[in-house]
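Take a look at the structure below.
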Amino acid sequence: MNPFYEQVYAVVAQVPFARVISYGQIARLLGRPRGARQVGRAMRLCPDHLPWHRVIRADGSVAGGQYAPLRRAMLEAEGVPFLPDGRVDLARFGVRHLPPQSGGARSSEK
DNA sequence: TACGTGACTTTGG
DNA sequence: CCCAAAGCCACGT
């Protein structure tokens, strides 16, 4: 397997509970700002031990084609609320840097 | 080796 | 605010 894929899996595995990240975000962390699609391709392999359901689009909408609704349910089960638009509030649940802390993502503030 | 496709992102109308 | 088009990278055929 190419190192890039392993890197993608590593990042996704580091994503904490009740938190989401976008394909482009992961790609950027790996040094491939244009590799968002390749991240999606890597996710397509769907490693069972990975929280692949925490990986969504940059706009907050859930991808995954046939499994999109399933992933949405999994996220809600973790405590990630979905907006009526069918999107996640990346401003509060979008991981900015790892490890993620309450900084900016706290639901008990302002 | 070349063409087509896609779990994406960003910019323009 | 919503819709459409272009750009990019890898993999499959």
Side-chain angles (χ1 to χ4, degrees):
Chain A
M1 185 75 77
N2 290 339
F4 180 69
Y5 279 50
E6 295 299 319
Q7 290 286 87
V8 172
Y9 301 144
V11 173
V12 175
Q14 296 345 294
V15 176
F17 188 84
R19 208 51 61 81
V20 297
I21 188 169
S22 65
Y23 295 93
Q25 178 95 45
I26 296 171
R28 221 173 303 187
L29 291 172
L30 301 181
R32 301 285 190 301
R34 311 296 167 187
R37 306 179 77 152
Q38 276 47 264
V39 174
R41 202 167 284 279
M43 298 312 301
R44 188 186 196 196
L45 303 180
C46 283
D48 300 353
H49 63 98
L50 284 178
W52 50 278
H53 56 276
R54 291 180 191 153
V55 183
I56 63 178
R57 286 183 177 172
D59 63 338
S61 60
V62 180
Q66 176 176 236
Y67 292 96
L70 173 63
R71 297 169 66 183
R72 188 172 64 215
M74 294 170 77
L75 288 170
E76 289 186 288
E78 291 194 349
V80 179
F82 272 71
L83 301 175
D85 323 50
R87 298 187 297 184
V88 179
D89 188 349
L90 296 178
R92 295 183 297 177
F93 294 91
V95 171
R96 283 185 235 243
H97 72 108
L98 305 173
Q101 56 230 300
S102 314
R106 42 198 170 258
S107 43
S108 306
E109 199 218 323
K110 166 45 183 353

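Computed from a prediction, not measured in an experiment: that's the story for all the values here. Labels below follow one simple rule: chain letters A, B, ... track the order of the sequence lines, proteins then strands, and each chain is numbered from 1.
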Side-chain-base donor-acceptor pair under 3.5 Å for A/Arg57 and B/dC8: no

Within the structure shown, what part of the strands sits under 4.0 Å from A/Gly24 by heavy-atom distance: base, sugar-phosphate, or nothing? sugar-phosphate

Quick one, A/Val55 and A/Val8 - any side-chain contact, counting heavy atoms below 4.5 Å? no

In whole angstrom, give the distance that lies between atom OH of A/Tyr23 and atom P of C/dG7. 24 Å

Spacing between A/Arg44 atom CZ and B/dC8 atom P, to the nearest angstrom: 11 Å

Per nearest nucleotide of DNA chain B, the residue lying toward the 5' end, A/Ile56 or A/Gln38, is A/Gln38

Find the distance A/Arg28:CZ to C/dC9:P and express it as a whole number of Å. 14 Å

Whole angstrom is fine here: how far is it from CD in A/Gln25 over to C1' in B/dT10? 15 Å

From the options B/dT9, C/dC9, C/dC11, select the nucleotide whose nearest atom is closest to the side chain of A/Arg34. C/dC9

If I take atom CZ in residue A/Arg32 and atom P in nucleotide B/dT9, what distance separates them, rounded to the nearest angstrom? 17 Å

A/Arg37 CZ to C/dC9 P, in whole Å, measures 11 Å

Could you tell me whether the side chain of A/Leu70 reaches within less than 4.5 Å of the side chain of A/Met74, counting heavy atoms only? yes

Under the 3.5 angstrom rule, does the side chain of A/Arg54 hit a backbone N or O of A/Val12 as a donor-acceptor pair? no

Rounded to whole Å, please give me the gap between CZ in A/Arg41 and P in B/dT9. 14 Å

Checking only heavy atoms, does the side chain of A/Arg71 share a donor-acceptor pair with the base of B/dA7 at less than 3.5 Å? yes

In whole angstroms, how far is the C1' atom of C/dC1 from the CZ atom of A/Arg87? 11 Å

Which heavy atom of A/Phe4 sits nearest to which heavy atom of A/Gly35, and what is that distance? CZ-O, 4.1 Å

